[in-house]
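Below is one structure; the comments refer to it alone.
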Amino acid sequence: MLELNYIRENTAEVAERLAIKNIDASGILQQIKEIDIRRREAQKDLDDNLAEANAIARQVGELFKTGKASEANALKVRNAELKIQAKELQDNFDKLFLEQNNLLVQLPNVPHFSVPRGKTPEDNEIVHSEGTMPQLYEGAVPHWDLASKYDIIDFELGNKVTGAGFPFYKGQGARLQRALIGFFLDNAVEAGYLEIQPPLVVNEASGYGTGQLPDKDGQMYYCEVDKLYLIPTAEVPITNIYRDVIVKPDNLPIKNVAYSNCFRREAGSYGKDVRGLNRLHQFDKVEIVQIQHPDKSYETLEEMRNYVAGLLRKLELPFRILKLCGGDMSFTSSLTYDFEVYSAAQQRWLEVSSVSNFESFQANRMKLRFKDQNGKTRLCHTLNGSALALPRIVASLLENNQTSEGIKIPAALAKYTGFDMIR
RNA sequence: GGAGAGAUGGCCGAGUGGUCGAAGGCGCACGCCUGGAAAGUGUGUAUACGCCAAAAGCGUAUCAUGGGUUCGAAUCCCAUUCUCUCCGCCA
């Protein structure tokens, strides 16, 4: 949620930034400001009423103590009137406050000024690409065929036991998963992140804190009886650690990394996008999260971008980095880099990571703050990124490294798998 | 799952109708003391919103959450949520 003060004091800038997301917010911004004026008036009226009532209550107490019961009783009459008024004033204030809030939560985060304009993924800006495109041998096939050829991932078994999108990993496939998780976590710890194992289910307040609720609840699995949500990403529990927290500025940046299973209902997905490992209902991901001082969050974003690039380099995968255009960015992000690896047999680029700066958008919702040098309480900036999501990494590793003898494992990873070839 | 107890500030903990945003302690910050430190000592130390050009100051709300009783609620009543203890079950 955008900060009200920012909207109030920099209305034009907010509108300008939202325009990058192709949103004409001038109307809604104006509405927010108008309601704001009325809301403040309403609060003033209510506060005055309550102040008078409080004063009378004090007097009444005083009068009773000194035995002036009749005077006290006279004052009670006035308070009875005030109380009736207060109810109306409170209702009026609540109504305006809610109305304003409803408008505020509709507004997406404001993009950074460097975000390219555009509407569709075609308008994303390729800011970097590296690695060599693999030359596949003649018998090369997509990863879903490799999965059954080497008996390392079993989609059929998943269908039987659970349903589509819940594969079994077996033998060298299972080992490869474990190796990747270890590899990603070790790298992150090496880079100064604190390793955390979070709960895989969260309560409603946490879902709201990171923005999955209220609108995107259809994308999460929900345990009705316990009112708990299965996490779609470790970002949710990890960021919510800091909900309603005022951190010490000396502790910034806070760097956490977590491996978790991720659960996504992916309602409405279909076609070639969901084939094989391309889109699953349950998958593994290592997520990095940073909480940073507002002045330094963009430096941090670049640091995180370089970190993720380093991982892909070590895995010897050809990749490119996109700076998402306004139209393709998420609701909550100010600037997002997507990482895509090339999966040679499918001849497609697959998104394997998304690194974003949310500025104070999430922090405002979560009331995550710090005290600055003047002792003023301010909102932190939050950032996160996948580092990395496993399934598409596995897809491209399998496809790109297949040979007639088997599938080669990159050297950096072979230390973790214990083998350098899937046969 | 059964029975009981509880939820107060960063933490511990007092507070059973008014003067309580809340004693006391710990922690933290700053100062004094010291050659330096420890000890000691003094002061300060919640958040949000509003009023004000702004600082100072003032007002309002917040003692798990929501409602109620009352002139007045941390304190009384009701509901909800959560936590703890014991028993049962169990990795």
Side-chain angles (χ1 to χ4, degrees), chain A residues 1-9 32-105 197 199-209 213-214 222-229 237 240-252 254 291 360 363-380:
Chain A
M1 185 160 71
L2 291 175
E3 292 176 67
L4 183 56
N5 274 340
Y6 181 50
I7 291 176
R8 207 145 60 184
E9 287 157 26
I32 288 170
K33 285 177 78 172
E34 277 162 22
I35 291 172
D36 192 49
I37 292 166
R38 289 198 283 142
R39 192 208 93 225
R40 283 146 76 186
E41 279 170 6
Q43 181 170 347
K44 182 88 176 69
D45 293 344
L46 175 63
D47 284 357
D48 288 348
N49 172 297
L50 293 174
E52 188 182 344
N54 285 341
I56 289 174
R58 272 192 295 269
Q59 284 176 46
V60 169
E62 218 32 63
L63 289 169
F64 271 125
K65 237 183 239 172
T66 50
K68 297 173 183 163
S70 60
E71 285 180 47
N73 285 325
L75 282 174
K76 282 189 191 178
V77 177
R78 173 61 181 153
N79 243 18
E81 284 172 30
L82 285 172
K83 201 167 184 181
I84 294 164
Q85 275 180 29
K87 173 111 184 67
E88 274 174 49
L89 294 170
Q90 182 77 56
D91 286 350
N92 185 239
F93 172 78
D94 288 347
K95 203 186 99 218
L96 290 166
F97 182 84
L98 255 171
E99 210 176 314
Q100 183 173 37
N101 216 52
N102 286 342
L103 291 171
L104 276 171
V105 296
Q197 262 200 38
L200 302 182
V201 291
V202 294
N203 59 28
E204 202 174 324
S206 297
Y208 182 80
L213 298 175
Y222 181 52
C223 307
E224 182 83 43
V225 281
D226 296 302
K227 297 195 165 71
L228 294 172
Y229 294 85
N240 271 286
I241 293 171
Y242 305 95
R243 172 152 50 83
D244 291 318
V245 168
I246 299 179
V247 298
K248 292 210 169 90
D250 298 351
N251 294 345
L252 298 175
I254 292 167
I291 294 163
S360 63
N364 189 30
R365 220 171 230 243
M366 280 199 295
K367 305 278 170 277
L368 162 53
R369 294 156 293 174
F370 72 100
K371 282 211 194 297
D372 71 10
Q373 287 164 325
N374 306 320
K376 257 193 92 129
T377 310
R378 295 172 59 190
L379 293 168
C380 298

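Proteins get letters first, then strands, A, B, ... in listed order; numbering begins at 1 in each.
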(message) Could you tell me how far apart A:Ile37 (CD1) and B:C51 (P) are, to the nearest whole angstrom?
(response) 11 Å
(message) Taking only side-chain N and O atoms of A:Asn54, does any of them lie within less than 4.0 angstrom of OP1 or OP2 on B:A61?
(response) yes
(request) Find the distance A:Asn251:CG to B:C28:P and express it as a whole number of Å. (result) 14 Å
(message) Could you identify the nucleotide paired to B:C84, looking across every strand shown and requiring Watson-Crick or G-U wobble geometry with both distances under 3.5 Å?
(response) B:G4
(request) Counting heavy atoms from C-beta on, name the nucleotide in B:G50, B:C71, B:U60 closest to the side chain of A:Leu50. (result) B:U60
(request) Look at atom CD of A:Glu99 and say whether more than 12 heavy atoms of other residues, nucleotides or ligands are closer to it than 6.0 Å. (result) yes
(request) Using heavy atoms to find the nearest nucleotide of RNA chain B for A:Glu41 and A:Thr377 separately, return the residue whose nucleotide is more 5′. (result) A:Thr377
(request) When you get a sec, tell me which of B:U47, B:G50, B:C71 is the closest nucleotide to the side chain of A:Ala57? (result) B:C71
(message) Of the listed nucleotides (B:U60, B:C49, B:G72), which one gets closest to any side-chain atom of A:Lys83?
(response) B:G72
(request) Please tell me which of the listed nucleotides, B:U47, B:G50, B:U60, lies nearest to the side chain of A:Ala51? (result) B:U60
(message) Strictly by Watson-Crick or wobble contacts shorter than 3.5 Å, is anything paired with B:G17, and which nucleotide is it?
(response) none
(request) By nearest nucleotide on RNA chain B, pick out whichever of A:Arg8 and A:Leu75 is the more 5' one. (result) A:Arg8
(message) Check the phosphate of B:C71 against A:Arg58, side-chain N and O only, distance under 4.0 Å to OP1 or OP2. Yes or no?
(response) no
(message) Any side-chain to backbone donor/acceptor pair from A:Asn49 onto A:Leu82? Under 3.5 Å, distance only.
(response) yes
(message) Side chains of A:Ser70 and A:Asn73 only: does a donor on one sit below 3.5 Å from an acceptor on the other?
(response) no
(message) Could you identify the nucleotide paired to B:A38, looking across every strand shown and requiring Watson-Crick or G-U wobble geometry with both distances under 3.5 Å?
(response) none
(request) Step by step, work out the side chain to side chain contact (heavy atoms under 4.5 Å, CB included) result for A:Asn79 and A:Val60. (result) CA-CA 10 Å; A:Asn79 243 18; A:Val60 169; 5.9 Å; no
(message) From the set B:C71, B:U47, B:G50, return the single nucleotide nearest to any side-chain atom of A:Asn79.
(response) B:C71
